[in-house]
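Letters go in sequence order (proteins before strands), and every chain restarts at 1. Predicted model, so just to flag it, every value in this text is computed and none were measured.
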Amino acid sequence: SQQGEEDPQALSIQEGENATMNCSYKTSINNLQWYRQNSGRGLVHLILIRSNEREKHSGRLRVTLDTSKKSSSLLITASRAADTASYFCATAALNDYKLSFGAGTTVTVRA
Amino acid sequence: ETGVTQTPRHLVMGMTNKKSLKCEQHLGHNAMYWYKQSAKKPLELMFVYNFKEQTENNSVPSRFSPECPNSSHLFLHLHTLQPEDSALYLCASSQDGGNQPQHFGDGTRLSIL
């Protein structure tokens, strides 16, 4: 299966701390995307990193991609209570137009 | 506001009922998707429409019937559902069907009695 698998399944941190979550996948990809889902809402696209990119930043988010290890990480710096959500990675395989999502990492930021 | 609107937000139905879920996108996208989200499981892709043509049916039981009358509207017709079909059903759209970021609605929470 091409599905990304996030690790850990759940993460609890104090406000102001950094949160790091990882995604592993099995086959070659075109790009990898990270999404956030707040409770009771749909997924929101955060960032896309292409297979020829190694690192990308967007505000307090930093994404890395290591295609040799077939893994990616999402770092949220200086976390806030509003960052409490589930985070999903989605992989876009080569020669495929579909995205495959993992089961997500649930992040809780304590005030 | 994501530009993708789903109605209803909540739906409770018996196994013998017939109902429909509606999705509308205001983003000018050409591809639309139905996903099923169950607790602690990866998002399951159900159907993909690209320029109103169905390009993916991910082995979905026939009790789920999609309809895409135009690029802005997507329906999921439901009949004779089973308790295991209780889940959050998410609609999404993207510019086209080519690995691009998807925009999601807030979903319909479906409960089968």
Are [Y] and [X] connected in a single hydrophobic cluster, I mean Ile/Leu/Val/Met/Phe/Trp/Tyr linked by side-chain heavy atoms less than 4.5 Å apart?
X	Y	value
B/Leu45	B/Phe104	yes
B/Leu90	A/Leu99	yes
B/Tyr49	B/Leu78	yes
B/Phe75	B/Met13	no
B/Val60	B/Met15	yes

Is it true that atom [atom1] of [X] has more than 12 heavy atoms of other residues, nucleotides or ligands lying nearer than 6.0 Å?
X	atom1	value
A/Arg50	CZ	no
B/Gln54	CD	yes
A/Lys56	NZ	yes
A/Arg110	CZ	yes

Heavy-atom closest pair, residues [X] and [Y]:
X	Y	answer
A/Phe101	B/Pro42	O-CB, 3.2 Å
B/Pro101	A/Gln33	CA-OE1, 3.4 Å
A/Gly42	B/Asp106	N-OD1, 3.0 Å
A/Leu48	B/Asn99	CD1-O, 4.2 Å

Name the region of [X], side chain, backbone, both or neither, that has any atom closer than 4.5 Å to a heavy atom of chain A.
X	result
B/Ser94	neither
B/Gln102	both
B/Arg9	side chain
B/Leu43	both
B/Glu44	neither

Revision key, fill the gap. Looking only at B/Val4, B/Val48, B/Thr55, the option with the highest number of non-hydrogen pairs under 4.5 Å against chain A is B/Thr55
Practice item. Give, as side chain, backbone, both or neither, the part of A/Leu43 having an atom under 4.5 angstrom from any heavy atom of chain B. Key: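 Both backbone and side chain.
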Check your understanding: What part of A/Gln37 lies closer than 4.5 angstrom to a heavy atom of chain B: side chain, backbone, both or neither?
Key ->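 Only the side chain of A/Gln37 comes within 4.5 Å of chain B.
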Review point. Roughly how far apart are B/Lys40 NZ and A/Thr106 OG1, rounded to 0.5 Å?
Key: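 That separation rounds to 5.0 Å.
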